[in-house]
Amino acid sequence: MADAGTADGPVLDVRIWRGTEKGAFVRYEVPARANQTVLDVVTWVQRHREPDLAYRFACRVGVCGSCAMTVNGRPRWTCRTHVKRLPAHRPLVLEPLRNLPRIRDLVCDLEPFFARWERAGGRFVPTATRRDPLPRIAPDSTARRAVDAGIECINCAVCHAACDVLAWRPEYLGPAPLNRAWTLVNDIRHGAREEVLDRTSGDAGCHACHSQASCSEFCPVGLAPTAAIAGLKRASLWRLLGGSRA
Amino acid sequence: MRVERLDTDMLVLGAGGAGLFAALHARRAAPEFEVTVVVKGLLGKCGCTRMVQGGYNVALAPGDSVERHFMDTIVGGKWLPRQDLAWRLVEGAVERVHELENELGCFFDRRPDGTLDFKAFAGQSFDRTVHKGDLTGIEIINRLMEQVRAAGVCRLEEHRAVALLPAADGSGIAGVLLIDMREGVYRLVRARAVLLATGGGPTMYRYHTPSGDKSCDGMAMALRAGLPLRDMEMVQFHPTGLLAGPETRMTGTVLEEGLRGAGGHLLNGAGERFMLAWDPAGERATRDVVARAIYAEMRAGRTSPMGGVFLEMAHLGPEEVARRFPGMVRRCADCGFDLAGGRVEVVPTAHYMMGGVEFEPDGRTAIPGLFAAGEDCGGVHGANRLGGNGVANSTVFGGIAGDSMAAFLEREGGALRDPDPAALEAAIARCERPFGRPAGDLGELRERLWRVMWEEVGIIRNATGLARAADELARLAADLRDLGLAGGGRRFNLTWHNWLDLDSLLTVSRVIARAALAREDSRGAHYREDFPDSGDPAASRFTRLRLVGEEISVETVPVEFSILRPGESLIEEEAGAPPAAEAT
Amino acid sequence: MIPDHRRHPGYLAFLAHRLSGLALALFLPFHFLFLATAIEGEAALDGALAWTENPLAKFAEWGLVTLLALHLALGLRVLALEFLPWRGTLRLWVGLGGGAALAVGFLFLVALAA
Amino acid sequence: MSAGLLFLLQRGTAILLAPLVLVHLGVVLYAVRDGLDAAEILARTRGNLFWAGFYGLFVLAVSVHASIGLRAVLAEWTGLRGRAADTAALAVAFLLLLLGMRAVWAVVGAP
Ligand SMILES: Cc1cc2nc3c(=O)[nH]c(=O)nc-3n(C[C@H](O)[C@H](O)[C@H](O)COP(=O)(O)OP(=O)(O)OC[C@H]3O[C@@H](n4cnc5c(N)ncnc54)[C@H](O)[C@@H]3O)c2cc1C
Ligand code: HEM
Ligand code: SF4
Ligand code: F3S
Ligand code: FES
């Protein structure tokens, strides 16, 4: 393990993955601060130790889902992970997300994640045009509530990195695309609900989920893809039994 | 230097509300042409549209009207907006919101009876802001991203546009030079039409709200391509940015407006409320007034430990605060602050640039083949932007620009042009500059830029300060030119991109300072303590700035009151008396 | 060592369910073969049963019954997750499942000892 | 067979198995109280139609249930996919069915 310099004052002992699939952890000492997120730690290393350290972020407030990494073995958003609030752990170990190809250092290629989103039929198909009036939708209807429960996904791929089925079955669509699909199945305006069920059933779809619940456990915005996927399982079951949707 | 070449029909720079809408419309209007989107980050995962919290202004509520929305926009913009643009905005918003809901699948919040919910945004005469909770931007961008991917648009993600290249024969735009950030190589993309939609972003101020990928690249590229920019002195500050201490990226991020609206108190370092001395509405006063008041407290040295003021909500009952503002409370808690029960340190924070590239209502610019939309553009908001008009602006004009580009190609579809080799060479040379030079301290330079913009070109300005700023910015520009990078290759080299960000920011900062010096009155977001009067609205002039060589030229141009003159109103029963709209 | 991303009740429940299911599936053929000794009559079965007096066999037997109870309880949890409307009750179900299985295991121990 | 149908069968048999296992567990708990004794077991089961049906159903359900379960485990933990996994699962199902039915016959039917 290489050692890349030290700093004065109270310091954090940080190990960061450098390289791609092949690489090594490099150790850094980063000044500890009263308010410091994991993203700040990475930024400090880039600004003061490794000018070409690769990492990704954009919004810095938890809405864009760009900054996710593996922090001490767990997938997390880093812009809103306060170092002091991490379970006591020394050193602080940072790696790219699991289950995705690596570009360099802490950056993964998210294309496989979004390609699955598309494969799951994760796209609204209109049944009206901009010239039609807006539909009336009761906010407390069951279907609308099912949409609301899953719609605020920031596509950070934390769940994708957390789910072991994805590691075991590379063709699996994964929690976030299935979660999006479930919101569409419940969206009464959506023109391709049957198609979504077709696309999300099967060994690569909802039936591959074993309710490991790592997705729901680590989703930074508190969504529960486990519940959405269960919804898809039910819907496809009712369909198989000849009934309509759940 | 390796330059890879490729061609496309329509090239869209930026993937915010403006860029994505343009791509979608262009693709639908002219399916026979290829559309390529270039984005500095990942498609759908960067830019400010995604960060929109409050919502989207549209005159759809019963009793509201586009005329009313128009009046609020003009009066809020202190009679500086270009009126045909403002009209296009309010009219277009109605269509765009229907499109977002019915065709893209956005879900805006409903009232119990199933109709759209409109919430109040400070400074408007009607409740007209549609929203999805307080994460409206995520809903809009996620749905757009899905549609754009499905529409068969080519994507160049983590590609940075660095120069708009004119055609060798001077007939218009030929293409754009990009850096593939992952591979570290240059790409020259020739295109028949190009859209500039990189979305401004005042990140040259110490405290700022926008996404980290925003560094005014588009405006800098436009200036270098010879385009005029207008209203650049108009930089909007949001009064309550989080102050979280040094070297944390959380600092500057927005604590939402609603906290003050709900009755939150602002306290200075001594723990005293000070807003009532500035405005009878106290903390509920408009953004510019509150930002100025906070800044004045800070200048007087009555600050909180980290140099801002306190926002206190506890008197409303911590449970009540946690119930009404769960997102904000959780965000503060994540970084160690107790918003519901304690005091949180806040500071005004640079939020939005009203100014930008001059453009026509159909998206055209002065360069044939080059279109512009969104926050890169100036003229829609004048001296101040209404909360909720930002995302309306980018989505309305983005869509229009997409349609216009398609029409432009079908009409005059011409051949691909070759770029001027000298311009290409100069652009590459500018990007290559830091390589091979002795490494310097980029961080120190950034701190200096942040400081001078915040202190001299910020919330309260005066002639001497602006002159000092001009000097310091010139020094900074020279220092940046001499500053090299410490080792590292070109692949995913963030520090190289930080260097390029600073280059853009410096160019645009100089223009802001120059425009601020030229405007000798105080209006909307622009406040001159040496010229506190707002001047006669009927004699309103806007600033127009260009880069000529390395020099900035400025002129002030009379505003054309093409729809109505100050004092008039489009609203019958309030004839002559515009609604009490205040910009926020 | 269980990697960090797996150290939470939902995953542990999955793992316990899968391992118990696997163990049961592997054991079942032997159990069937064992019972089939009865084809040769009572004496043969008694002979086989005598073997169960061996403490090791007793332990294995106890383990299997507990595993069956565990698999059942966690299986019910999966069914509940999949077919009942739920909200945030994941952890509760893990607890109930584990608890029920332990209770059965304990009862079995008591019964064995009696 | 579609994954949906397999899912239906697996969960269906699980629901069926739940009460069967509970009863079986009860019986086992009761039986081991004072040591296992072939005579006691066989006295209960020999020629008893109820127990024949009970355990017959049990075996049938468990063969379906466990083999489908193993199919997933094989795919995920050994990389055995598609036809190979289906064949393996089918083999397991038949093995369990065969051995199971033989055992039921042994305790219920055999003289
Ligand atoms: C925190 C926050 C909250 C806001 N809330 C509201 C609100 O409630 N209501 C409202 O109306 N407005 C709001 N706004 C303003 C609103 O977000 C903007 O007005 C609007 O979204 C701008 O859209 P845009 O498409 O022009 O730019 P953006 O959405 O910022 O998109 C710019 C795109 O260009 C890309 N880009 C930048 N430089 C380059 C380059 N060199 N090469 C390639 N690509 C590049 C970026 O990566 C990004 O994809 C808010 C802004 C912020 C920061
Ligand atoms: C002797 C009886 C049983 C045996 C041998 C058995 C065996 C198995 C096996 C091998 C699996 C695959 C494990 C996996 O995919 O993780 C499985 C899965 C499962 N079992 Fe059982 N099982 C039995 C009884 C039961 C009972 C009584 C129930 C429930 C009430 C049950 C419910 C389930 C469920 C729901 C699954 C699916 C798990 C998933 O796919 O995530 N099983 N079983
Ligand atoms: S479901 Fe949660 S964890 Fe998964 S991508 Fe969406 S926000 Fe991220
Ligand atoms: S972690 Fe994976 S197994 Fe299912 S419940 Fe979540 S998708
Ligand atoms: S930087 Fe956007 S979620 Fe962290």
Side-chain angles (χ1 to χ4, degrees), chain C residues 17-53 57-58 61-62 64-66 68-69 71-76 78-79 82-83 100-101 103-114, chain D residues 7 10-15 17-22 24-26 28-43 45-46 55 58-59 62-63 65-70 72-74 76-77 89 92-93 95-111:
Chain C
H17 186 231
R18 169 161 289 190
L19 294 177
S20 60
L22 265 179
L24 289 172
L26 288 179
F27 156 80
L28 216 51
F30 297 101
H31 184 59
F32 288 154
L33 286 173
F34 181 94
L35 287 171
T37 53
I39 293 181
E40 272 99 69
E42 214 174 291
L45 185 58
D46 255 333
L49 282 173
W51 183 76
T52 63
E53 290 304 311
K58 270 212 150 85
E61 220 178 318
W62 167 79
L64 280 164
V65 170
T66 309
L68 184 58
H71 188 81
L72 166 71
L74 294 176
L76 287 173
V78 172
L79 293 173
E82 287 178 342
F83 297 109
V104 171
F106 181 72
L107 272 179
F108 189 70
L109 260 189
V110 172
L112 269 183
Chain D
F7 177 79
Q10 220 255 351
R11 299 308 193 258
T13 51
I15 291 167
L17 277 167
L20 301 182
V21 166
L22 271 175
H24 183 62
L25 277 176
V28 170
L29 280 177
Y30 176 81
V32 296
R33 265 174 330 144
D34 34 33
L36 284 172
D37 171 3
E40 195 188 319
I41 295 175
L42 293 177
T45 56
R46 278 273 143 85
Y55 283 115
F58 197 121
V59 166
V62 94
S63 310
H65 174 85
S67 58
I68 298 176
L70 281 174
V73 180
L74 282 177
E76 289 164 14
W77 284 3
V92 169
L95 182 76
L96 284 176
L97 198 64
L98 206 79
L99 292 178
M101 285 308 175
R102 187 163 152 261
V104 174
W105 170 248
V107 292
V108 183

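Below, chains carry the letters A, B, ... as their sequence lines are ordered, and counting in each starts from 1. Note that the structure is predicted; figures quoted are calculated from it, not measured.
Ring orientation note: the planes of D/Phe7 and C/Phe83 are tilted relative to one another, at an angle of 30° to 60°.
Neither the backbone nor the side chain of D/Gln10 comes within less than 4.5 Å of any heavy atom in chain C. Only the side chain of D/Val62 comes within less than 4.5 Å of a heavy atom of chain C; its backbone N, CA, C and O stay farther away. Only the side chain of D/Ile41 comes within less than 4.5 Å of a heavy atom in chain C; its backbone stays farther off.
From D/Leu22, atom CG reaches atom CG of C/Leu72 across 5.0 Å, with rounding to the nearest 0.5 Å. The distance from the CZ atom of C/Phe32 to the CG atom of D/Leu96 is 6.0 Å, given to the nearest 0.5 Å.
Shortest non-hydrogen contact noted between C/Leu35 and D/Ala106 is O-CB, 3.7 Å.
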